[in-house]
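What follows is a single structure, written as structure tokens, with notes after it.
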Amino acid sequence: MPDQERKATHEWRREKVRSELECMRQSQIFRRLKDVPAQRELRFSEIQKVSSLLEVWSSRLLCLSPQHVKVCSLPKPHVALIDAICHAIEWPDTLLTEQLILGAPAVGDIPDSGIFRKEDVPSSQTLESLDNCEWNAKLMASIEAEARRPDKATVLARLWEKTQAEVEKGIAFPIGSSQAMNKRVGEGAWRAMRTFGVEQNGKLRPCDNAKAFLHNACTFMHECLTSETADFLLRAAAIFAGPVGDESKFSFGIRTEDLESAYRRFPVSQPHLTCFAQWDPVAKRVAFFGLHGFNFGLVAAVVTFNRLAQLLNRCAVRLIPIVSSHYFDDFCVAEPGFAGKSGQHLLCHFMKLLGFVFQSDLVPVGEKRKGALWAMRNSFLGLSFDFSDFSDNRIAICKASDEKAPQIVGKIELILSTNSLVMPGGLSKLIGKLQFVLSWSAGRYGRAAMQPLYAAQSLLPSSHLSPEDIAALQFFLQILSRGCPPKVFSFKQNSGASLLVWSDASWGDLGENTTQGGLGFVIFDAEDSASECGRGYYSDTLSSHEMLEAFVVKSQYIGQLELLAAIAVYYSLPLLFR
DNA sequence: CATGGGTCGTGACACTTGCG
DNA sequence: CGCAAGTGTCACGACCCATG
């Protein structure tokens, strides 16, 4: 047998064995994944057994809670189970269980939980240095002053309504006047905040002003929040697409769950510092309220709540196990069709076991839930994801929610019709919206056309549109009138032949009053079909004078030439990049 | 009110280059 | 060698987005 032929045969066999092994591995993984729902049910029933054994301990531990925590109407956390899980998974946040029983600090030194990035944000004030009586008098005066303003009447009425709803739910409790506060905790021993409203998507969200009343200035944080990003869904899809391979068909879907009144769920240890005051439009006086949990507006609330959410999510991921993540109180399960339903289902029941009930209806194990369990199209963090072509083609489509497009189109039309960039909300608002809709979700689509808008921002107050402004705005108008531009992600394993590219430029003086720019690039194609060890491409050239004349006039051209060299790669070998 | 992420422009500073 | 101009890097602040 000639040498060449023998080599080829050997190569063919090796290839064959490799692909057989791959097939076997994939089918194994696939079969094991299909077993997931049954295995999960098994593990969950074990957790349930442990849970009921520990119930007696939880009620004993919760007897130790201070009064303000005891009277809260939210379901009580199963602290003994939580503690057992923390030990089992070696959770670093060792204070968590204790704080769920006794309350966590809302102001002052907030100990490092070890969950988030370590970073000190020192306090600028101390609680001891503040005269609470003086500040509470100020608080009364400012609320009374606001109540005299007729333009504030509707907001104050809406805020009052919101607080009443919280009182009815049993997560805030009325205290009454400032005299009642003094009687309750002692004069000068409490420090309240003033409630104000923030308009958010047409809804009014009550916040307590922890900045103005120095609660936040007195807070020392030792860690910095790290939260989930929208690409979680894509990473989750990739986890399954990789080992399962391109051939097996399986669908992929998402379901989100909300934990209601998030911050209020974590009890505080200093209820005398978390009370808030607002105008009572019915009785026409200042009214004080107490809280079991955290206020919106406290620095400490963010990290403290997220510590809890982080544990709830991570223990479900590790013990059941499921693929899920969370953004504050928004939990998101992202799994294949053959496993996703059980993941979703068990997350709800696991949370209920731990004492945290999701907003959606909860139905006993084994029974069918109302509505869609799990969907191939869903949104997370303001972006919509479509996995409906995942099974056939391993594709996911991501874009900003389509409701956003008409809103931006309207703004652009207004600018074009008035020929003016000066408008209500400002140009920066339009730029911000465009940035979100084009950059983050659509992979920096139309980035170049944003330049005139950035330039116009610092050019104000100019009331006329330049030809570039008009061209850019018309471009965005055309794009967005068809909805927000989508970005397509492919999860195919064997389509990712990669190329290595280097490009560079030079700029120098040749003497005799002439300067010259040079461009060059090298490309390496590791998976070139015709050669065994890959193929390299090389090119270099001097830039033409016509090209240099087209550049922006500067004393050095290196920056522009480097950019040109990068572009030249694509124009020189377009077929290679297909 | 708070957290995180992003973009841009600004100013301070360091380094490189051209010139005398 | 010093000076001036250009360029790059970094921190910062403004604004936007998401969320509570």
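Chain letters run A, B, ... following the sequence lines, proteins first and then strands; every chain starts at 1.
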Hey, does the Lys NZ or Arg CZ of A:R314 hover above the aromatic six-ring of A:W91, less than 6.0 Å from the centre and inside 45° of the axis?
no
DNA chain B-proximal residues of residues 99-118 of chain A, any heavy atom under 4.0 Å
none
Is A:R377 close enough and on-axis enough to A:F387, meaning under 6.0 Å and within 45°, for cation-pi?
no
Just the rounded figure in Å: distance from C1' of B:dG6 to CG of A:L438.
13 Å
For A:D151, which residues count as a side-chain contact (heavy atoms from CB on, under 4.5 Å) partner, sequence neighbours excluded?
A:R149
Would you say A:V121 and A:E223 make side-chain contact, with heavy atoms under 4.5 Å?
no
For the side chain of A:L381, starting at C-beta, report the closest nucleotide among B:dG4, B:dC1, C:dA18.
C:dA18
Is there a side-chain hydrogen bond (donor to acceptor under 3.5 Å, both in side chains) between A:Q99 and A:S269 once you walk through the steps?
CA-CA 8 Å; A:Q99 289 181 344; A:S269 59; over 6 Å; no
Once you round it to whole Å, what is the distance between C1' of B:dC8 and CG of A:L434?
14 Å
Between B:dA2 atom P and A:D208 atom CG, what is the distance in whole Å?
12 Å
Take the protein atom CE of A:M450 and the nucleotide atom P of B:dT7, then report the distance between them rounded to whole Å.
11 Å
For B:dC1, take OP1 and OP2 only and decide whether either is under 4.0 Å from a side-chain N or O of A:N216.
no
Answer with base, sugar-phosphate or nothing: what part of the nucleic acid does A:G432 contact at a heavy-atom distance below 4.0 Å?
sugar-phosphate
Can you see if the side chain of A:K404 gets near the phosphate of C:dA18 - specifically, an N or O under 4.0 Å from OP1 or OP2?
yes
Please identify each residue that fulfils ring-ring contact (aromatic ring centres under 6.0 Å, His included) with A:F213, with sequence neighbours left out.
none
Could you check how far CG of A:L430 sits from P of C:dC17, rounded to whole Å?
10 Å
Has A:R205 got a side-chain N or O lying under 4.0 Å from the OP1 or OP2 atom of C:dG20?
yes
Check: A:F380 ring centre within less than 6.0 Å of A:F385 ring centre:
no
Choosing from C:dG20, B:dA2, B:dG4, which nucleotide comes nearest the side chain of A:K211?
B:dA2
Atom CG of A:L225 and atom C1' of B:dA2 are separated, to the nearest Å, by 10 Å
For A:F289 and A:F276, take the angle between the two ring planes, folded into 0 to 90°, and tell me which bin it lands in: parallel under 30, tilted 30 to 60, perpendicular over 60.
parallel
With a 6.0 Å cut-off on ring centres, are A:F294 and A:F305 close enough?
no
Let me know the distance between CD of A:E257 and P of C:dT19, rounded to the nearest Å.
17 Å
Select one nucleotide: of B:dT3, C:dC16, B:dC1, the one nearest the side-chain heavy atoms of A:K433.
C:dC16
Mapping A:E223 and A:F296 onto DNA chain B by nearest heavy atom, which one lands closer to the 5' end?
A:F296
Is the A:F328 to A:H326 ring centre distance short of 6.0 Å?
no
Under 3.5 Å, side chain of A:N136 to main-chain N/O of A:W190, donor-acceptor pair present?
yes
List the atom pairs, with distances to 0.1 Å, where a side-chain N or O of residues 164-174 of chain A and a protein N or O form a donor-acceptor pair under 3.5 Å, not counting sequence neighbours.
residue : atom : partner : partner atom : Å
A:E166  : OE1  : A:R264  : NE           : 3.3
A:E166  : OE1  : A:R264  : NH2          : 2.7
A:E166  : OE2  : A:R264  : NE           : 3.0

Specify the separation, in whole Å, of atom CZ of A:F328 and atom C1' of B:dG5.
12 Å
All N/O contacts under 3.5 Å from nucleotides 11-15 of chain C to the protein, with atom names and distances to one decimal?
none

A:Y263 has its side chain closest, among C:dG20, C:dA18, B:dC1, to C:dG20
Nucleic acid contacts - residues 298-311 of chain A versus DNA chain B, non-hydrogen atoms under 4.0 Å:
A:V299, A:V302
